[in-house]
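Shown next, in C-alpha coordinates, is the structure this report addresses.
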Amino acid sequence: MKKILFLHDTALTLKRGAELTIAQLVSKGNELGFLVEVDLLDNLEEVQTHILSQDLLIICNTSRCKFERDILNFVLDSEIPFCKIEFDYNFCVRRNILCTLDRNIRNCCDTDKFHLYRTLFANSQLNIFQSPKHFEAHVAFYGEAVSHNYLVMPPTVDVENISISDEKTDAIPFFSELSYLKGGDAFVDYALEHPNKSFVVYGSNKLRRDIPENIEFRKPIDNAEVLKVLGKTKEIVIKPVWPEPSGRLAAEAFL
(Lines give C-alpha, C1' and ligand atoms only; values in the text may rest on other atoms or scores of the structure.)
Protein backbone atom coordinates (compact mmCIF):
# COMPACT_ATOMS: atom_id res chain seq x y z
CA MET A 1 0.00 0.00 0.00
CA LYS A 2 1.37 3.41 -0.98
CA LYS A 3 1.90 5.77 1.93
CA ILE A 4 1.18 9.46 1.38
CA LEU A 5 1.93 12.14 3.97
CA PHE A 6 0.60 15.71 3.96
CA LEU A 7 2.82 18.24 5.74
CA HIS A 8 0.73 21.14 7.04
CA ASP A 9 1.20 23.64 9.86
CA THR A 10 -2.44 24.04 10.96
CA ALA A 11 -4.90 21.58 12.50
CA LEU A 12 -7.79 20.50 10.31
CA THR A 13 -10.39 20.97 13.05
CA LEU A 14 -12.00 24.07 11.51
CA LYS A 15 -12.58 22.98 7.94
CA ARG A 16 -12.28 26.23 6.04
CA GLY A 17 -9.80 27.29 3.39
CA ALA A 18 -6.75 25.05 3.04
CA GLU A 19 -7.87 22.79 5.87
CA LEU A 20 -11.13 21.89 4.13
CA THR A 21 -9.33 21.04 0.89
CA ILE A 22 -6.69 18.94 2.67
CA ALA A 23 -9.32 17.05 4.68
CA GLN A 24 -11.21 16.21 1.50
CA LEU A 25 -8.05 15.13 -0.35
CA VAL A 26 -6.99 12.90 2.55
CA SER A 27 -10.45 11.32 2.66
CA LYS A 28 -10.42 10.70 -1.10
CA GLY A 29 -6.94 9.18 -0.97
CA ASN A 30 -7.91 6.74 1.76
CA GLU A 31 -11.10 5.91 -0.15
CA LEU A 32 -8.95 4.98 -3.16
CA GLY A 33 -6.91 2.55 -1.07
CA PHE A 34 -3.86 4.63 -0.17
CA LEU A 35 -2.66 5.14 3.39
CA VAL A 36 -2.91 8.93 3.74
CA GLU A 37 -1.98 10.88 6.87
CA VAL A 38 -1.37 14.47 7.93
CA ASP A 39 1.61 15.62 10.01
CA LEU A 40 1.05 18.97 11.78
CA LEU A 41 4.79 19.67 12.16
CA ASP A 42 5.01 19.83 15.95
CA ASN A 43 8.28 17.99 16.62
CA LEU A 44 11.25 17.99 14.23
CA GLU A 45 12.61 14.52 15.00
CA GLU A 46 9.17 12.93 14.90
CA VAL A 47 8.36 14.60 11.58
CA GLN A 48 11.67 13.42 10.10
CA THR A 49 10.96 9.84 11.17
CA HIS A 50 7.45 10.09 9.76
CA ILE A 51 8.76 11.39 6.43
CA LEU A 52 11.24 8.53 5.97
CA SER A 53 8.46 5.93 6.07
CA GLN A 54 6.50 7.51 3.19
CA ASP A 55 6.29 6.89 -0.55
CA LEU A 56 5.06 10.39 -1.42
CA LEU A 57 4.97 13.72 0.41
CA ILE A 58 2.47 16.52 -0.15
CA ILE A 59 3.94 19.79 1.14
CA CYS A 60 1.21 22.28 2.04
CA ASN A 61 1.56 25.30 4.34
CA THR A 62 4.73 25.24 6.43
CA SER A 63 5.51 28.89 7.18
CA ARG A 64 4.00 28.73 10.70
CA CYS A 65 6.26 25.80 11.57
CA LYS A 66 9.13 26.87 13.85
CA PHE A 67 11.55 24.51 12.07
CA GLU A 68 10.30 25.12 8.53
CA ARG A 69 13.72 25.42 6.87
CA ASP A 70 15.07 22.34 8.64
CA ILE A 71 12.15 20.21 7.49
CA LEU A 72 12.16 21.50 3.90
CA ASN A 73 15.89 20.87 3.59
CA PHE A 74 15.36 17.42 5.10
CA VAL A 75 12.70 16.67 2.45
CA LEU A 76 15.06 17.77 -0.33
CA ASP A 77 17.93 15.67 1.06
CA SER A 78 15.70 12.61 1.57
CA GLU A 79 15.01 12.29 -2.18
CA ILE A 80 11.48 11.07 -1.40
CA PRO A 81 9.17 12.27 -4.21
CA PHE A 82 7.00 15.22 -3.23
CA CYS A 83 4.38 17.56 -4.60
CA LYS A 84 3.86 21.16 -3.49
CA ILE A 85 0.34 22.47 -2.94
CA GLU A 86 0.51 26.22 -2.48
CA PHE A 87 -2.52 27.66 -0.69
CA ASP A 88 -1.06 31.10 0.02
CA TYR A 89 2.39 32.56 -0.68
CA ASN A 90 4.52 30.62 1.79
CA PHE A 91 7.80 31.89 0.35
CA CYS A 92 6.81 35.39 1.52
CA VAL A 93 7.45 36.19 5.19
CA ARG A 94 4.06 37.94 5.21
CA ARG A 95 2.38 35.14 3.21
CA ASN A 96 0.50 37.76 1.18
CA ILE A 97 2.92 39.42 -1.35
CA LEU A 98 1.48 42.82 -0.46
CA CYS A 99 4.68 44.30 -1.88
CA THR A 100 3.18 43.72 -5.34
CA LEU A 101 0.29 46.07 -4.44
CA ASP A 102 1.94 48.57 -2.11
CA ARG A 103 5.38 49.75 -3.16
CA ASN A 104 5.93 51.23 0.31
CA ILE A 105 6.34 47.67 1.60
CA ARG A 106 9.96 46.74 1.07
CA ASN A 107 13.02 45.09 2.63
CA CYS A 108 10.91 42.37 4.28
CA CYS A 109 11.95 39.47 2.04
CA ASP A 110 13.98 36.68 3.66
CA THR A 111 16.59 35.88 1.00
CA ASP A 112 17.49 32.43 2.30
CA LYS A 113 13.86 31.37 2.54
CA PHE A 114 13.08 32.82 -0.88
CA HIS A 115 15.81 30.75 -2.56
CA LEU A 116 14.91 27.64 -0.53
CA TYR A 117 11.44 27.82 -2.05
CA ARG A 118 12.94 28.13 -5.52
CA THR A 119 14.75 24.84 -4.94
CA LEU A 120 11.57 23.31 -3.51
CA PHE A 121 9.44 24.29 -6.52
CA ALA A 122 12.13 23.23 -8.98
CA ASN A 123 12.42 19.73 -7.46
CA SER A 124 8.71 19.11 -6.93
CA GLN A 125 7.00 16.43 -9.01
CA LEU A 126 4.03 18.78 -9.34
CA ASN A 127 3.36 22.35 -8.20
CA ILE A 128 -0.33 23.01 -7.53
CA PHE A 129 -1.89 26.47 -7.37
CA GLN A 130 -5.36 27.71 -6.49
CA SER A 131 -6.17 29.84 -9.55
CA PRO A 132 -4.58 31.14 -12.77
CA LYS A 133 -3.75 34.44 -11.03
CA HIS A 134 -2.21 32.56 -8.10
CA PHE A 135 -0.01 30.63 -10.52
CA GLU A 136 0.94 33.78 -12.46
CA ALA A 137 1.98 35.52 -9.24
CA HIS A 138 4.41 32.68 -8.47
CA VAL A 139 5.74 32.68 -12.04
CA ALA A 140 6.48 36.39 -11.65
CA PHE A 141 8.79 35.54 -8.75
CA TYR A 142 10.18 32.16 -9.81
CA GLY A 143 9.68 31.64 -13.55
CA GLU A 144 10.44 28.14 -14.81
CA ALA A 145 11.10 26.83 -11.30
CA VAL A 146 7.31 26.66 -10.77
CA SER A 147 6.10 26.31 -14.35
CA HIS A 148 8.09 23.21 -15.34
CA ASN A 149 5.31 20.96 -14.05
CA TYR A 150 2.21 22.56 -12.58
CA LEU A 151 -1.52 22.25 -12.11
CA VAL A 152 -4.11 24.91 -11.38
CA MET A 153 -6.62 23.25 -9.05
CA PRO A 154 -9.33 25.50 -7.58
CA PRO A 155 -10.18 24.71 -3.96
CA THR A 156 -12.78 22.05 -3.40
CA VAL A 157 -16.33 23.19 -2.70
CA ASP A 158 -18.42 21.02 -0.41
CA VAL A 159 -21.33 20.88 -2.87
CA GLU A 160 -23.09 18.08 -0.95
CA ASN A 161 -23.75 20.50 1.90
CA ILE A 162 -24.89 23.48 -0.17
CA SER A 163 -28.30 24.38 1.21
CA ILE A 164 -30.56 26.85 -0.61
CA SER A 165 -33.30 27.99 1.74
CA ASP A 166 -36.61 29.65 0.90
CA GLU A 167 -36.26 31.45 4.21
CA LYS A 168 -33.98 34.44 3.68
CA THR A 169 -32.35 36.77 6.19
CA ASP A 170 -31.39 40.42 5.78
CA ALA A 171 -28.18 39.99 7.80
CA ILE A 172 -24.97 40.33 5.75
CA PRO A 173 -22.33 37.81 6.91
CA PHE A 174 -18.52 37.92 7.09
CA PHE A 175 -16.83 34.54 7.61
CA SER A 176 -13.42 35.35 9.04
CA GLU A 177 -11.66 37.54 11.52
CA LEU A 178 -12.45 41.14 10.61
CA SER A 179 -9.02 42.19 9.37
CA TYR A 180 -7.45 44.59 6.89
CA LEU A 181 -6.21 41.84 4.57
CA LYS A 182 -9.57 40.07 4.45
CA GLY A 183 -11.40 43.24 3.46
CA GLY A 184 -12.60 44.20 6.91
CA ASP A 185 -12.40 47.93 6.24
CA ALA A 186 -14.61 47.65 3.17
CA PHE A 187 -17.11 45.62 5.20
CA VAL A 188 -17.21 48.22 7.99
CA ASP A 189 -17.46 51.08 5.49
CA TYR A 190 -20.45 49.37 3.87
CA ALA A 191 -22.07 48.92 7.29
CA LEU A 192 -21.58 52.62 8.03
CA GLU A 193 -23.14 53.53 4.68
CA HIS A 194 -26.16 51.32 5.46
CA PRO A 195 -27.02 51.88 9.15
CA ASN A 196 -30.43 50.25 8.74
CA LYS A 197 -28.92 46.92 7.65
CA SER A 198 -27.56 44.26 10.02
CA PHE A 199 -24.13 42.62 9.69
CA VAL A 200 -22.74 39.49 11.36
CA VAL A 201 -19.03 38.65 11.64
CA TYR A 202 -18.24 34.99 12.38
CA GLY A 203 -14.87 35.74 13.91
CA SER A 204 -13.01 38.28 16.03
CA ASN A 205 -12.27 41.95 15.36
CA LYS A 206 -8.70 42.72 14.27
CA LEU A 207 -9.32 46.25 13.00
CA ARG A 208 -8.06 49.31 14.87
CA ARG A 209 -11.15 51.43 14.30
CA ASP A 210 -14.57 52.02 15.78
CA ILE A 211 -17.13 49.37 14.87
CA PRO A 212 -20.73 50.52 14.22
CA GLU A 213 -23.55 49.12 16.32
CA ASN A 214 -25.12 47.30 13.36
CA ILE A 215 -22.18 44.84 13.26
CA GLU A 216 -22.49 41.81 15.56
CA PHE A 217 -19.64 39.40 16.35
CA ARG A 218 -20.17 35.67 16.78
CA LYS A 219 -17.92 32.63 17.16
CA PRO A 220 -16.38 31.10 13.99
CA ILE A 221 -18.41 28.30 12.43
CA ASP A 222 -17.40 25.28 10.36
CA ASN A 223 -17.95 24.96 6.64
CA ALA A 224 -21.26 23.10 6.86
CA GLU A 225 -22.71 25.94 8.93
CA VAL A 226 -21.23 28.54 6.57
CA LEU A 227 -23.09 26.93 3.70
CA LYS A 228 -26.33 26.97 5.68
CA VAL A 229 -25.93 30.68 6.39
CA LEU A 230 -25.11 31.39 2.74
CA GLY A 231 -28.26 29.53 1.72
CA LYS A 232 -30.28 32.11 3.65
CA THR A 233 -28.22 35.14 2.62
CA LYS A 234 -29.45 37.72 0.12
CA GLU A 235 -26.37 39.94 0.06
CA ILE A 236 -22.67 39.53 0.79
CA VAL A 237 -19.59 41.76 0.72
CA ILE A 238 -16.28 40.16 -0.40
CA LYS A 239 -13.50 42.67 -1.03
CA PRO A 240 -10.09 41.42 0.22
CA VAL A 241 -7.04 43.68 0.06
CA TRP A 242 -4.43 40.98 -0.51
CA PRO A 243 -4.25 39.00 -3.78
CA GLU A 244 -6.56 36.19 -2.66
CA PRO A 245 -5.25 32.89 -4.10
CA SER A 246 -8.70 31.57 -5.01
CA GLY A 247 -11.83 32.95 -3.38
CA ARG A 248 -13.70 29.81 -2.32
CA LEU A 249 -16.32 31.86 -0.43
CA ALA A 250 -17.29 33.74 -3.58
CA ALA A 251 -17.81 30.42 -5.39
CA GLU A 252 -19.86 29.04 -2.51
CA ALA A 253 -21.97 32.19 -2.38
CA PHE A 254 -22.56 32.04 -6.14
CA LEU A 255 -23.69 28.41 -5.96
Side-chain angles (χ1 to χ4, degrees), residues 10 14-21 61 63-64 86-90 92-108 129-134 136-137 140 154-155 157-158 162-165 167-255:
T10 305
L14 182 62
K15 294 183 173 63
R16 290 294 299 162
E19 289 71 46
L20 175 61
T21 296
N61 289 352
S63 60
R64 293 191 180 98
E86 191 58 61
F87 290 101
D88 295 314
Y89 305 91
N90 278 270
C92 170
V93 294
R94 298 173 180 265
R95 278 177 74 163
N96 56 35
I97 61 168
L98 271 183
C99 61
T100 62
L101 302 176
D102 184 351
R103 295 305 178 183
N104 291 319
I105 297 176
R106 60 183 66 186
N107 300 325
C108 58
F129 302 95
Q130 303 299 299
S131 68
K133 285 291 186 182
H134 191 220
E136 291 167 9
V157 174
D158 192 8
I162 289 178
S163 175
I164 308 301
S165 175
E167 176 189 347
K168 299 297 182 181
T169 177
D170 291 326
I172 300 174
F174 191 94
F175 300 104
S176 174
E177 62 181 25
L178 196 64
S179 67
Y180 167 72
L181 289 179
K182 291 290 187 178
D185 283 310
F187 187 79
V188 172
D189 289 343
Y190 191 75
L192 288 169
E193 293 167 4
H194 299 84
N196 295 325
K197 293 186 177 183
S198 60
F199 299 78
V200 178
V201 176
Y202 293 92
S204 58
N205 177 29
K206 299 296 183 181
L207 295 178
R208 297 179 179 179
R209 60 182 292 183
D210 293 335
I211 302 299
E213 293 182 357
N214 57 338
I215 293 182
E216 174 189 351
F217 288 90
R218 298 180 186 175
K219 292 181 179 180
I221 55 178
D222 64 21
N223 193 65
E225 290 300 313
V226 167
L227 295 177
K228 288 180 182 178
V229 173
L230 285 175
K232 298 179 180 180
T233 298
K234 295 189 292 185
E235 185 178 2
I236 194 166
V237 178
I238 305 173
K239 197 175 180 180
V241 172
W242 75 308
E244 190 85 50
S246 60
R248 179 206 307 272
L249 181 62
E252 292 171 333
F254 177 80
L255 293 172

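Count residues from 1 along the sequence.
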- prompt: Is the CG atom of D102 crowded by more than 12 outside heavy atoms at less than 6.0 Å?
  reply: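 More than 12 heavy atoms, drawn from other residues, nucleotides or ligands, come within 6.0 Å of this atom.
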
- request: Tell me, yes or no, whether the heavy-atom count around E213 atom CD, taken from other residues, nucleotides or ligands under 6.0 Å, exceeds 12.
  value: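 No, because the 6.0 Å sphere around CD of E213 holds 12 heavy atoms or fewer from other groups.
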
Taking all non-hydrogen atoms of both residues, which atom of [X] and which atom of [Y] are closest, and how far apart?
X: S63; Y: N90; value: OG-OD1, 3.1 Å
X: E167; Y: S165; value: N-OG, 3.0 Å
X: C108; Y: I105; value: SG-CG2, 4.0 Å
X: A18; Y: F87; value: CB-CG, 3.5 Å
X: A137; Y: I97; value: CB-CD1, 3.9 Å
X: V188; Y: P212; value: CG1-CD, 3.8 Å

query: In Å, rounded to the nearest 0.5 Å, how long is the span from CD1 of I215 to OG of S198?
result: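 So the gap between those two atoms works out to 10.5 Å.
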
- request: Any chance you could measure I211, atom CD1, to N214, atom CG, to the nearest 0.5 Å?
  value: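 These two atoms lie 10.0 Å from each other.
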
Side chains of [X] and [Y]: closer than 4.5 Å at any heavy-atom pair?
X: P155; Y: L20; answer: no
X: E19; Y: N223; answer: no
X: L227; Y: E252; answer: yes

List, one per line, each side-chain donor-acceptor pair under 3.5 Å for residues 228-238, sequence neighbours excluded.
residue : atom : partner : partner atom : Å
K228    : NZ   : E225    : OE2          : 3.4
T233    : OG1  : V229    : O            : 2.7
K234    : NZ   : D170    : OD1          : 2.5
E235    : OE1  : K197    : NZ           : 3.0
E235    : OE2  : Y190    : OH           : 2.3
E235    : OE2  : K197    : NZ           : 3.4

message: When you measure from the side chain of S131 to the backbone of P245, do you find a donor-acceptor pair of N or O atoms at a distance under 3.5 Å?
response: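 Indeed, once roles are kept as given, a pair shorter than 3.5 Å links the two residues.
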
message: Taking V226's backbone N and O only, do any of them form a donor-acceptor pair with Y202's side chain (distance below 3.5 Å, no angle check)?
response: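 Pair absent, no side-chain N/O of Y202 close to backbone of V226.
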
task: Would you please test T10 and N61 for side-chain contact (heavy atoms from CB on, under 4.5 Å) and show each step?
output: CA-CA 8 Å; T10 305; N61 289 352; 5.7 Å; no

- request: Would you please name every residue forming a salt bridge (charged side-chain N to carboxylate O under 4.0 Å, His left out) with R95, sequence neighbours left out?
  value: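 Here the qualifying residues are D9, D88.
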
Using the test side-chain hydrogen bond (donor to acceptor under 3.5 Å, both in side chains), find all partners of [X] that sit at least two apart in sequence or belong to another chain.
X: K168; result: none
X: Q130; result: none
X: N205; result: none

task: Scan F187, F199, F217 and name whichever one has a ring-ring contact (aromatic ring centres under 6.0 Å, His included) with F174.
output: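 Among the candidates, only F187 passes.
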
Contacts under 3.5 angstrom, residues 175-183 side chains, donor-acceptor by atom type, not counting sequence neighbours:
residue : atom : partner : partner atom : Å
S179    : OG   : K182    : N            : 3.3

